[in-house]
Amino acid sequence: MIHPFYEYLSDYLLTHPERFDAEGETIYAARNTIKVFTAPDGTTLNVKRYHPPRFFNRLVYSLGLRKPKGLRAFTYPEILEARDIDTPAPVAYFEERHGGMLGYSYFVSVQCQGMRTLYDVAAMPTGYELLAEELGTFTARMHEQQVLHRDYTPGNILWRQEDLGVFTFVLVDTNRMRFGTVSQRRGCKNICRFWGPKHFTELLAKHYALSRGFDVEDTVNLTLRYRQQFWKRFSKRHSVPFELEY
């Protein structure tokens, strides 16, 4: 599947499954791999290759009982755009099948340039206050639009502060989305996993509550409770590259 706007690149795009291993710049490599390519017209492309799903999910995806992750990542941006939420422009989606069973799949989008991730907050002992406040307001607007990013973590929210001090936020890795009413409790649980100072999350939760008309003290306390639960679990299995505050 190729987005109509990028049909002019179809001959090039269709070669990505063959060229993926030998070309491109790798920016993430684990079970799934992300590479950056430059198209013939100079467009910088982000290509994410999804590993073949494990047996049960492979059967579910192959039989069409659920959309594969890459296909969801390709189709969800249209929903987000309609609700005024920024995400990289989708370019193409490809599947490899063997005997009708889903193998590797590929999602191609336009690469975001000049943006930071929220991992940077871990190294910001101060100076994050306005970022936290703006992110709280942005998240509240997104939830009011009945959009919940189910993997709302530092690496999946890109940000940039423009010349006039305005913040721009862009969502990535959007294959895990939920569309529907977002309650106060669900919203608080959604914003508890950010890196860095505890005060960052406090400010975020405060402005989230103000924007949604929730009780500020209740919202902050509930978010911090979820934050404590998350980081206690996380720190048992992973090293944490900043000082944890409970």
Kindly determine whether His143 and Tyr208 satisfy side-chain contact (heavy atoms from CB on, under 4.5 Å), including the steps that lead there. CA-CA 10 Å; His143 289 178; Tyr208 176 80; 2.7 Å; yes

Does Val36 form a side-chain contact (heavy atoms from CB on, under 4.5 Å) with Leu45? I'd like the steps, not just the answer. CA-CA 6 Å; Val36 175; Leu45 300 176; over 6 Å; no

Assess whether side-chain contact (heavy atoms from CB on, under 4.5 Å) is satisfied between Phe56 and Val60, documenting all intermediate values. CA-CA 6 Å; Phe56 178 75; Val60 169; 3.8 Å; yes

Between Phe169 and Phe138, does the ring pair (Phe, Tyr, Trp, His ring centres under 6.0 Å) criterion hold? Intermediate values first, please. CA-CA 8 Å; Phe169 296 101; Phe138 167 79; 5.1 Å; yes

Using the rule given for side chain to side chain donor-acceptor pair (under 3.5 Å), can you reason through Thr219 versus Gln184, listing the C-alpha separation, both sets of side-chain angles and the distance that settles it, and then say yes or no? CA-CA 7 Å; Thr219 302; Gln184 180 187 22; 2.9 Å; yes

After noting the C-alpha distance and the side-chain angles of Lys69 and Tyr61, does the key distance pass the side-chain contact (heavy atoms from CB on, under 4.5 Å) rule? CA-CA 9 Å; Lys69 292 180 179 180; Tyr61 293 143; 4.2 Å; yes

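Arg97 places no side-chain N or O within 3.5 Å of a backbone atom of Gly103 that could act as its donor or acceptor partner. Counting only distance, with no hydrogens or angles, the side chain of Glu245 and the backbone of Lys198 share a donor-acceptor pair below 3.5 Å. Distance alone, capped at 3.5 Å, is enough to place a donor-acceptor pair between the Asn156 side chain and the Asp151 backbone. Put simply, the side chain of Asn221 gets close to the backbone of Glu217: a donor and an acceptor are under 3.5 Å apart. A side-chain donor-acceptor contact under 3.5 Å links Trp159 to the backbone of Thr117. No side-chain donor-acceptor contact under 3.5 Å links His16 to the backbone of Phe37. When atom types are taken as modelled, the side chain of Glu7 and the backbone of Phe5 share no donor-acceptor pair closer than 3.5 angstrom. Under the 3.5 Å distance criterion, the side-chain polar atoms of Thr33 are left unmatched by any main-chain donor or acceptor of Ala29. With hydrogens and angles disregarded, a donor-acceptor distance shorter than 3.5 Å links the side chain of Arg178 to the backbone of Thr181. A donor-acceptor pair under 3.5 Å links the side-chain atoms of Ser62 to the main chain of Leu102, judged by distance alone.
Distance CG/Asp84 to CG/Asp86: 7.0 Å, rounded to 0.5 Å. Atom CG of Asn175 and atom OH of Tyr76 lie 8.0 Å apart (nearest 0.5 Å). Going from atom OG1 of Thr223 over to atom CD1 of Ile191 covers 4.0 Å, rounded to the nearest 0.5 Å. For the atom pair CG of Leu13 and CZ of Phe94, the computed distance is 5.0 Å after rounding to the nearest 0.5 Å. Once rounded to the nearest 0.5 Å, the distance linking CG of Leu222 with NZ of Lys189 reads 9.5 Å. Leu204 CG to Glu134 CD: the interatomic distance, rounded to the nearest 0.5 Å, is 11.0 Å.
Residues Pro68 and Glu95 form a side-chain contact, since some pair of their non-hydrogen atoms from C-beta on lies under 4.5 Å apart. Ile85 places none of its side-chain heavy atoms less than 4.5 Å from the side chain of Val170. Looking only at side-chain heavy atoms (C-beta outward), Pro90 and Ser109 stay at 4.5 Å or farther from each other. For the pair Met142 and Tyr152, the minimum side-chain heavy-atom distance is below 4.5 Å. The side-chain heavy atoms of Val240 and Phe234, taken from C-beta on, include a pair separated by under 4.5 Å. Arg116 places none of its side-chain heavy atoms less than 4.5 Å from the side chain of Leu158. Contact check for Ile2 versus Val108: no side-chain heavy atoms found under the 4.5 Å cut-off. A heavy-atom distance below 4.5 Å is not found between the side chains of Val121 and Phe242.
Residue-environment remark: CZ (Phe55) stays at or below the threshold of 12 foreign heavy atoms within 6.0 Å. Within 6.0 Å of CZ in Arg31 there are more than 12 heavy atoms belonging to other residues, nucleotides or ligands. Counting non-hydrogen atoms of other residues, nucleotides and ligands closer than 6.0 Å to CE of Met115 gives a total above 12. The environment of Glu78 atom CD is sparse: at most 12 non-hydrogen atoms of other residues, nucleotides or ligands sit within 6.0 angstrom.
When hydrophobic clusters are built by joining Ile, Leu, Val, Met, Phe, Trp and Tyr residues whose side-chain heavy atoms come closer than 4.5 Å, directly or via intermediates, Leu131 is grouped together with Leu171. Clustering ILVMFWY residues whenever any of their side-chain heavy atoms sit less than 4.5 angstrom apart, transitively, puts Leu148 in the very cluster that holds Leu80. A single hydrophobic cluster is not seen to contain both Met1 and Tyr106; linkage of ILVMFWY side chains at heavy-atom distances under 4.5 Å, directly or through other members, places them apart. By the rule that hydrophobic residues join a cluster once side-chain heavy atoms approach within less than 4.5 Å of another member, Val182 and Val147 end up as members of one cluster. No continuous path of hydrophobic side-chain contacts links Phe74 to Met177 [ILVMFWY only; heavy atoms under 4.5 Å].
The nearest pair of heavy atoms linking Glu202 to Val220 is O-CG2, 4.0 Å. Among all heavy-atom pairs drawn from Gln111 and Ile27, the shortest one is NE2-CD1, 4.3 Å. Between Phe194 and Pro154, the shortest heavy-atom distance links the atoms CA-CG, 4.2 Å. For the pair Asp215 and Ala209, the tightest heavy-atom approach, listed with the atom from each and the gap, is O-CB, 4.1 Å. Listed here is the closest heavy atom pair of Phe107 and Ala73: CZ-O, 3.4 Å. Across all their heavy atoms, Thr75 and Lys67 have their closest contact at OG1-NZ, 4.2 Å.
For the side chain to side chain donor-acceptor pair (under 3.5 Å) test with Thr168, the passing option among Arg160, Glu162, Gln161 is Glu162; the others fail. Partner Asp41 forms a side chain to side chain donor-acceptor pair (under 3.5 Å) with one of Tyr6, Tyr12, Tyr8 and no other, that one being Tyr8.
Comment: Glu81 does not engage Arg83 in a salt bridge, judged by the lack of any side-chain N to carboxylate O separation of less than 4.0 angstrom.
Judged by a 6.0 Å distance limit and a 45° cone about the ring axis, Lys35 is positioned over the six-membered ring of Phe20. Remark: Arg49 is positioned above the aromatic ring of Tyr104, its terminal NZ or CZ atom under 6.0 angstrom from the ring centre and at most 45 degrees off the axis.
With sequence neighbours left out, the side-chain contact (heavy atoms from CB on, under 4.5 Å) criterion links Leu210 to Lys206, His207, Val216. In this structure, Tyr28 has no side-chain hydrogen bond (donor to acceptor under 3.5 Å, both in side chains) partners at least two apart in sequence or on a different chain.
Screening residues 224-240 for side-chain hydrogen bond (donor to acceptor under 3.5 Å, both in side chains) gives Arg185-Tyr226 as the qualifying pairs, with residues at least two apart or on separate chains.
Ring centers of Tyr93 and His3: at least 6.0 Å apart, outside the cut-off.
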